[in-house]
Amino acid sequence: DVAPKYEQHLVNLIRKEIRLWREKTYPETTRVTKELLSYWFLNPDRTNRLFFAQREAIETTIWLNEVAEKSNAGQHVLNELRQAHNVSDDRLEFNLPRVAFKMATGTGKTVLMGMHLLYHYFNRQEYRGDTRFADYFLILTPGITIRDRLSVLFVDTEATDKHKRSDL
């Protein structure tokens with residue numbers, strides 16, 4: 001029987017857990033995270049709807065970062081991912097944790113990168129001591145077009161300061 005084997009794949013276990021968590025309106029998250037998720041996905045006034053692939057990807061990232069450790073299924077998923085992260089038994093090798101989402105062309109990867117930045121940035125501002133949220137971001141882009149699209153997220157403090165000074 002193919003179905004039970006298919007349902008046991010890690011990605012399908014994760015999708016099931018994400019769906020249940022979504023249906024409960026994102027419990028076990030920070031206030032900031034809940035506000036972001038509510039704005040992105042539960043706000044009826046929002047006219048720019050996101051693709052389901054974007055929703056599933058950001059929800060999965062957040063669930064893995066904030067929620068998974070609080071359930072048996074989530075702990076199982078995290079243990080499986082930890083085993084996969086260990087790419088070398090050599091202590092001098094870097095076994096950096098990494099999670100990747102494969103998304104087709106046109107499914108909104110650039111927007112998703114921006115959502116990830118906002119998620120970490122706003123949570124880190126609110127919860128300075130919480131190491132689940134990043135202080136710094138390294139963005140590698142395959143070309144100028146995507147870099148330019150993401151540049152709207154950068155804050156140019158010098159330009160802001162010059163503008164403020166010129167208003168005086």
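Only this structure's heavy atoms are used, side chains among them; waters, hydrogens and symmetry mates stay out.
- Grouping the Ile, Leu, Val, Met, Phe, Trp and Tyr side chains by contacts below 4.5 angstrom, directly or via other members, places Tyr39 apart from Phe51.
- Looking only at distances, no side-chain donor or acceptor of Glu126 sits under 3.5 Å from a matching main-chain atom of Asn123.
- Remark: Ile18 CD1 to Tyr26 OH distance equals 9.5 Å, nearest 0.5 Å.
- One hydrophobic cluster holds both Trp63 and Leu78 under the rule that ILVMFWY side chains link at heavy-atom gaps under 4.5 Å.
- Contact detail for Arg49 and Pro44: the closest heavy-atom pair is NH2-O, 3.5 Å.
- Checked against ring pair (Phe, Tyr, Trp, His ring centres under 6.0 Å), Phe133 has the following partners two or more places apart in sequence or in another chain: Tyr119.
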_Checking His120 against Arg132 for the side chain to side chain contact (heavy atoms under 4.5 Å, CB included) test, could you report, in this order, the C-alpha distance in whole Å, the side-chain angles of both residues, the deciding distance, and whether it holds?_
CA-CA 8 Å; His120 279 277; Arg132 295 177 299 177; over 6 Å; no
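- To the nearest 0.5 Å, atoms NZ (Lys34) and OG1 (Thr25) are separated by 6.5 Å.
- For the atom pair CG (Leu36) and CD1 (Ile62), the distance works out to 7.0 Å, reported to the nearest 0.5 Å.
- With Arg19 as reference, Glu23 is the one residue of Glu23, Glu17, Arg15 to meet the side-chain contact (heavy atoms from CB on, under 4.5 Å) rule.
- The number of heavy-atom neighbours closer than 6.0 Å to CG of Asn43, taken from other residues, nucleotides and ligands shown, is above 12.
- Nearest heavy atoms, Gln54 versus Thr107: CG-O, 3.3 Å.
- Using a 4.5 Å heavy-atom cutoff, the side chains of Leu81 and Leu10 are in contact.
- Within a 6.0 Å radius of NZ in Lys24, other residues, nucleotides and ligands contribute 12 heavy atoms or fewer.
- A distance of 5.5 Å separates CZ of Arg55 from CZ of Phe41, quoted to the nearest 0.5 Å.
- Glu28 meets the side-chain hydrogen bond (donor to acceptor under 3.5 Å, both in side chains) test with no other residue; sequence neighbours excluded.
- Separation of atoms CZ (Arg22) and OG1 (Thr60) is listed at 8.0 Å; rounding is to 0.5 Å.
- Distance alone, capped at 3.5 Å, is enough to place a donor-acceptor pair between the His116 side chain and the Leu112 backbone.
- If you check the side chains of Thr33 and Glu66, you find a donor sitting under 3.5 Å from an acceptor.
- The existence of a salt bridge linking Arg124 and Asp130 is excluded, since no basic side-chain nitrogen approaches an acidic carboxylate oxygen closer than 4.0 Å.
- We find the OG1-CD distance between Thr29 and Glu59 to be 11.0 Å, quoted to the nearest 0.5 Å.
- Lys109 contributes a side-chain N or O that, together with a main-chain N or O of Ala104, makes up a donor-acceptor pair within less than 3.5 Å.
- Transitive grouping of hydrophobic side chains (ILVMFWY, heavy atoms separated by less than 4.5 Å) brings Leu42 and Val67 into a common cluster.
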